[in-house]
Structures are given as C-alpha cells and as structure tokens.
Amino acid sequence: MKIVVVGDALVKSDDLEKAAREMNFGETLEIKKLEWFSDLPKDKFQKKIMEIEKNGPENITLPAGMSDATKEAHALFVHLAPVNRKIIEGAPHLRLIGACRGGVENIDIEAATEAKIPVIHVIRNAEPVADFTLALMYTETRNIARAHHAVKNGIWQKSFANDPYKTTLKRMKIGLVGAGYIGRLVLKRLNALKIESAFYDPYVKKSDLAEEGLNAESLPLEKLFETCDIISLHMRVTEQTAGMINKSLISLMKPSAYLINTARAEILDRSAVVDALSNKKIAGAALDVFWHEPLEKDDIFLKLDNVTITPHIAGDTIDAITYAPYLLKDVINDYFTKKISKMQVNKY
C-alpha cells in the first residue's frame, strides 16, 4: 500500500506519517513524505494560505516531487498542500484523499468526484471555533472588548452605540446559517445555556439534529434574518455561498440585531456589512475573518464603534493544528469500519 503525505509549515509530515501508520489499511504501508513550504515562518505561510483559499489548487506551486510520488499512490494525505486536477488524473491507483482541515479549497473536489475518490476531511479546530463564536456573541453584545480598550486608554466608558438594545443572551434568539460540524457544536453550547436557537441549512433537517440530541427551529433564510437577534455564520465558501449574505438579507435584520462571522469573509457582501454598520442599521457585528488580511491602517472597519474585530484567531489554540493528523486518523478508521462518513466532502 503506497501512501503519500505532504507536510507544511503548520502540520509536520512526521505527524502525518505517524497518523497514517495508525490507520486500519490492513496492509504493509510504504509512505513517501513530501513538504510544501514547510520552512516558511508562520506569518509568511499565512500568505500561502490566503492565496490557495482565494484561488484554489490550480496555478499554485506544487510540492517538489508530488507528481511522480502520486503516480503509484493509493492514498494521499495533506493539510494545505494543493491537490489539483493534474495530480488527481495522474494518479490512477488513488482511492482516498484525506485533508486534516475543514476547508478543502486546496483540493479539486470536482476532479476527485469524477474519479470516484472519496475526500475525507476533519474540522481540526471545530471546538475552538465554537467556543470563540460564543465568546464573540458575549463580547459584542456586552461591549467587553470596547470597554477594555477604553479603560486601558484612560477612558472610563459606560455608554456604547448599542445601549438601546443591551440585554442578556438568554433573552435573544440566535440564528445559525449552516448546521454542519461547527454549527452543531455552537448549537450544543446554546442548548446547554437554554438559549432559543434556529438554523438554516438546505442539507440538514431538524430531525437530523434531533437524532444528535440538538434542538433548533428550522427556518427559511429570509425568516432567519427577519426574526433572530444574532445571526452567526458557519459555512464554507463555494460558488453558491460566495456573497450569499448580501444587502437584501442584511436589510431584513432588526435594528437591534448582531452579525457574527467566524467562517469566511467571502460569504458576506462587504459593502452591505459596511453600510449596515456605518448607518446603524443593525446593532453591531463581530468579525474574525476579512476580505484582505491583515487590515490596512485606513480600513473603515477600524473606525466603526459597533464592530468587534479579531485577527482570524478563532481556531488558534496550541493543540488544534498539531493534533489534526490524529483526528483525521480517527475519522478515516471510522470510515473504514462504517463504509460511510459525515466527513466525506464529495458524493458520487
């Protein structure tokens, strides 16, 4: 059994190899380790991440030796390394691709689907992102970050832009756009706090959530924006979801409502969000992701008094990335046992 693993600046090829050897292939493994910008410091590697998330796997520098190594490979495991159509079509024996991250922008899913190769991924930082999402809800609605910043700068601030709407989370209805893995973890936390919740996800039924012991009202997208006090986004960027949260939807939100985004900036229409915040059409927003990172010094978001900004750190914990290969190992072993997985990205 020939396996190729590709490490990078965040996930070591050694860890990918160790995880692969703990997968239940039932055969002797021959593992080839490759590297993709593994020597770059984290800040410079972030630019590679942004590039591949925006442009996909085509026209991106491939790991050295990847084309030759994958010709005879049966399985390919990566973190952020590009897996483009040429690689997939040049690997006739390939029968499994694994990615130890939630986003799979670095993999040509269409090509894998055409070749009937399952793509299995993991949400390596799902728990941290779910925690952070809830934290942003509290932080924005109760002005925690703004108050801290003011006091640190010698201002004992007691009034804020959202003063007419301040209340407890318990009195709010929270709407989740996307009820996938992370969305469900957020919902689990909201259910534990007994906070009224609703969701929109065309691929998930209320009964699906009920089977996992979760409770939320299923609503059409427009109704969710009309009725909920907090809208929290939890979906991937695709051709269908890019710019999906547009001016029309945001205009449906209550003046007292908040928008939370720990997913991807491209889901949102930037101008619509700026307009809603600048003109106080909504009470506020909390954003961990942006269209260009880092923000320029003159970015309008830095001038607004009704938005909480964090620098794309929702999933940034000491163990989330390093443990990802072993999380992938568990998911793939479960897939081998059940012959099906909720973490399979493509269907054919």
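What's counted below: heavy atoms across the whole structure, side chains too, no hydrogens, waters or symmetry copies. Note that the structure is predicted; figures quoted are calculated from it, not measured.
With hydrogens and angles left out, the side-chain atoms of Thr310 and His312 include no donor and acceptor closer than 3.5 Å. Donor-acceptor pairing under 3.5 Å is recorded for the side chains of Thr241 and Thr238. Counted by atom type alone, Asn306 and Asn162 present zero donor-acceptor pairs between their side chains at under 3.5 Å.
Between Asp108 and Lys86 there is no salt bridge, since no side-chain nitrogen of the basic residue lies less than 4.0 Å from a carboxylate oxygen of the acidic one. Ion pair Arg146/Glu140 flagged as a salt bridge, since at least one NZ, NE, NH1 or NH2 atom sits closer than 4.0 Å to an Asp/Glu carboxylate oxygen. Ion pairing between Lys54 and Glu105 fails under the 4.0 Å rule for side-chain N and carboxylate O. In summary, Lys303 and Asp298 do not engage in a salt bridge, as defined by a charged side-chain N under 4.0 Å from a carboxylate O. Between Glu17 and Arg21 there is a salt bridge, with a side-chain nitrogen of the basic residue lying less than 4.0 Å from a carboxylate oxygen of the acidic one. Salt-bridge formation is detected for the pair Arg270/Asp299: a Lys NZ or Arg NE/NH1/NH2 atom is positioned less than 4.0 Å from an Asp or Glu carboxylate oxygen. By the 4.0 Å N-to-carboxylate-O rule, Asp316 lies close enough to Lys42 to be salt-bridged with it.
Not a single donor-acceptor pair under 3.5 Å links the side chain of Lys116 to the backbone N or O of Thr113. Proximity of a side-chain donor or acceptor of Ser341 to a complementary backbone N or O of Lys339 within less than 3.5 Å is not detected.
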For Asp288 and Thr262, what are the C-alpha separation, side-chain angles and deciding distance, and is it a side-chain hydrogen bond (donor to acceptor under 3.5 Å, both in side chains)? CA-CA 5 Å; Asp288 183 54; Thr262 54; over 6 Å; no
Step-by-step salt bridge (charged side-chain N to carboxylate O under 4.0 Å, His left out) determination, Arg236 to Glu266: CA-CA 9 Å; Arg236 296 205 313 266; Glu266 290 76 16; over 6 Å; no
Please determine whether salt bridge (charged side-chain N to carboxylate O under 4.0 Å, His left out) holds for the pair Asp305 and Lys280, giving the CA-CA distance in whole Å, both sets of side-chain angles, and the decisive distance to 0.1 Å. CA-CA 10 Å; Asp305 63 356; Lys280 302 294 192 290; 3.2 Å; yes
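The one candidate from Asp15, Asp14, Asp8 that meets the salt bridge (Lys or Arg N to Asp or Glu O under 4.0 Å) condition with Lys33 is Asp14.
Residue pairs that meet the ring-ring contact (aromatic ring centres under 6.0 Å, His included) test with at least one member in residues 126-167, sequence neighbours left out, do not exist here.
Follow the hydrophobic side-chain contacts under 4.5 Å out from Leu249 and you reach Val274 in the same cluster. Clustering ILVMFWY residues whenever any of their side-chain heavy atoms sit less than 4.5 angstrom apart, transitively, puts Tyr200 in the very cluster that holds Leu268. Cluster membership check: Val331 shares its hydrophobic cluster with Leu76, using side-chain heavy-atom separations under 4.5 Å among Ile, Leu, Val, Met, Phe, Trp and Tyr.
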List the atom pairs, donor and acceptor, that lie under 3.5 Å between side-chain atoms in residues 204-217 and the rest of the protein, sequence neighbours left out.
from   : atom 1 : to     : atom 2 : distance (Å)
Asp208 : OD2    : Lys205 : N      : 2.8
Glu212 : OE2    : Arg184 : NH1    : 2.2
Glu212 : OE2    : Lys342 : NZ     : 3.1
Glu217 : OE1    : Lys173 : NZ     : 2.9

